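Here's the structure, in structure tokens; my notes come after.
To find a chain, count down the sequence lines: A is the first, B the second, and so on, and within it residues start at 1. Computed from a prediction, not measured in an experiment: that's the story for all the values here.
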Protein chains: 2
Amino acid sequence: MKQRLAAIGTVETLPHRVAAFLSREIESGELNPGARLPTEQELSDKFGVSRNVVREAIAQLRADGMIEARQGIGAFVLAPEQRAAIRIDREALKDTHNMERLFELRCILEAESAALAAARRGQEHLDSIKAALDRMSGEERWEEGSIDADLLFHREIARATGNSYIHTFISFVCEQIRHSIHYARLTNPLHDLVEVNVGEHVRIYEALVAGDPAAAEAAMRAHIVGAADRVGVKLPLRGAK
Amino acid sequence: MKQRLAAIGTVETLPHRVAAFLSREIESGELNPGARLPTEQELSDKFGVSRNVVREAIAQLRADGMIEARQGIGAFVLAPEQRAAIRIDREALKDTHNMERLFELRCILEAESAALAAARRGQEHLDSIKAALDRMSGEERWEEGSIDADLLFHREIARATGNSYIHTFISFVCEQIRHSIHYARLTNPLHDLVEVNVGEHVRIYEALVAGDPAAAEAAMRAHIVGAADRVGVKLPLRGAK
DNA sequence: CGGATTAAGTTGTAGGATGATATGTATCAC
DNA sequence: GTGATACATATCATCCTACAACTTAATCCG
């Protein structure tokens with residue numbers, strides 16, 4: 001009867017695992033908004049862990065706006081609109097369908113980011129964008145460092161928009177994608193693809209230098225579509241869902 | 001010497017308050033990436049709370065990818081790119097500058113959402129969008145319920161894109177904005193503004209019915225700009241940052 | 001000097017106790 | 001009979017103690 005979290009997977013701390021389990025229950029509809037969670041003691045018994053562990057897990061879910069705990073009553077599931085944070089389930093990204101959709105979101109954000117950056121960038125922005133470009137096209141282009149530089153390039157563009165929210169969102173989305181395709185990129189960097197990738201970045205940079213929002217947007221869009229293609233992801237067209 | 005969190009504010013649980021304090025230290029640069037946090041015992045002494053409270057706070061920060069804890073060594077601040085969640089500081093939204101930027105991000109997301117929805121929606125989507133529209137233009141238009149319906153209208157459009165990430169992000173951004181301007185809307189709903197607002201929604205809906213992405217995008221953009229204006233927020237133009 | 005062992009420091013988990021809050025039920029007063 | 005009050009119960013919130021597990025540094029021994 002004591003599962004001791006044997007079926008939950010990962011090697012993380014117990015609170016993290018309990019939180020992940022409960023989170024899945026909520027996201028999957030097993031626990032609907034308004035539903036009351038088992039008491040802390042019951043969860044403690046169920047998972048074969050101390051109540052402290054359960055409380056740490058519940059603290060995490062509370063911080064995310066997934067549940068609310070009321071003293072003397074219990075903990076209740078909140079509606080999705082009450083969320084206090086956005087998270088992306090990396091497990092879900094193993095499904096190509098989901099990866100396509102995340103790339104689509106990334107394309108929306110980055111195309112506009114590039115346009116805004118072209119309109120708003122200063123010389124200091126161009127300098128840092130160029131530095132990242134140089135780094136990703138230099139000696140590191142065959143190593144993991146080039147991925148860092150690649151993402152830095154994108155973050156610097158987002159920073160040039162002068163909108164920290166855009167920067168935060170783009171950074172987050174890029175990192176989630178990066179963690180999901182990390183292995184594939186490292187395994188076999190193809191010579192031609194790397195050069196094409198760099199070429200696309202150069203075109204984005206040139207549009208930024210020219211201060212041409214439309215050109216920057218188009219170049220970035222083409223790049224994201226191309227980048228997705230290179231990892232086997234086809235962006236859905238407007239007509240496809 | 002025991003602050004007992006007297007200067008931290010809010011009436012929330014102690015772990016939440018400790019987490020908020022540490023989070024601010026990290027975001028403000030007081031604690032840089034790579035920096036080691038005080039030990040759990042030190043934090044416990046500093047804030048005058050039990051170690052359990054500190055651990056719950058740390059569990060929250062770990063879940064957010066803000067810190068990593070290593071057994072036997074301590075807890076360390078991670079780089080912003082390692083974040084596992086996006087959060088928006090509601091306190092920061094009291095600054096009009098930040099609100100402008102968040103509205104700008106919202107405009108980016110929603111304009112594209114409307115375009116995609118126009119291209120991809122089915123009859124069931126139109127039905128639920130219409131239902132939300134009816135609700136916000138009916139008897140509830142002068143009450144808080146109209147805000148719920150308003151946001152539901154936007155979420156249903158995002159749902160029609162068939163991209164759950166778009167839906168999640170839009171829902172989140174809308175709710176953060178909503179919580180920050182909640183009081184202002186309730187205090188004094190102006191007759192003309194409500195009618196204008198509904199009119200804008202009707203135009204968006206009509207573009208969706210017509211399956212016209214460009215018209216939907218334009219109508220949504222105009223609406224978001226207008227909605228921001230109605231709460232005293234001017235969206236930055238492309239040239240402004 | 002190098003390897004093994006021990007000690008110290010820190011996080012991770014368990015278990016117990018008490019305080020605080022919310023709700024339901026029983027009792028009392030009018 | 002109805003409303004107010006008191007009490008009991010359930011549950012979360014916090015505190016405390018103890019030990020396990022891990023990491024690093026110090027010490028010991030060949």
A:Ile58 CD1 to D:dC12 C1', in whole Å, measures 9 Å

Without hydrogens or angle criteria, can the side chains of B:Arg230 and B:Asn197 be said to hold a donor-acceptor pair below 3.5 Å? yes

In whole angstroms, the gap separating P of C:dG12 from CD of B:Glu68 amounts to 11 Å

How close or far is atom P of C:dA14 from atom CZ of A:Arg55, stated in whole angstroms? 15 Å

Within the supplied structure, the quantity of interest is the number of heavy atoms (other residues, nucleotides, ligands) at a distance under 6.0 Å from B:Glu30 CD; does it exceed 12? no

Checking A:Arg70 against A:Phe76: charged group under 6.0 Å from the ring centre and within 45 degrees of the axis? yes

Nearest whole Å is fine: how far is C:dT11 C1' from B:Gln71 CD? 5 Å

Rounded distance (Å) that lies between atom P of C:dA20 and atom CG of B:Leu14: 12 Å

Is it the case that the side chain of B:Ser137 and the backbone of B:Leu133 share a donor-acceptor pair, with hydrogens and angles ignored and the cut-off at 3.5 Å? yes

To the nearest angstrom, the CD1-C1' distance between A:Ile73 and C:dA22 comes to 5 Å

Under 4.0 angstrom between B:Ser50 side-chain N/O and D:dT14 OP1 or OP2: no

Rounded to whole Å, CD of A:Glu40 lies from P of C:dA14 at a distance of 14 Å

Between A:Arg70 and C:dA20, is there a contact of a side-chain N or O with OP1 or OP2 at under 4.0 Å? no

Toward the 5' end of DNA chain D, which comes first, A:Gly74 or A:Asn52, by nearest nucleotide? A:Gly74

Using a cut-off of strictly less than 4.0 Å, decide whether A:Arg62 has a side-chain nitrogen or oxygen near OP1 or OP2 of D:dA13. yes

Between CZ of A:Arg51 and P of D:dT17 the distance, given in whole Å, is 18 Å

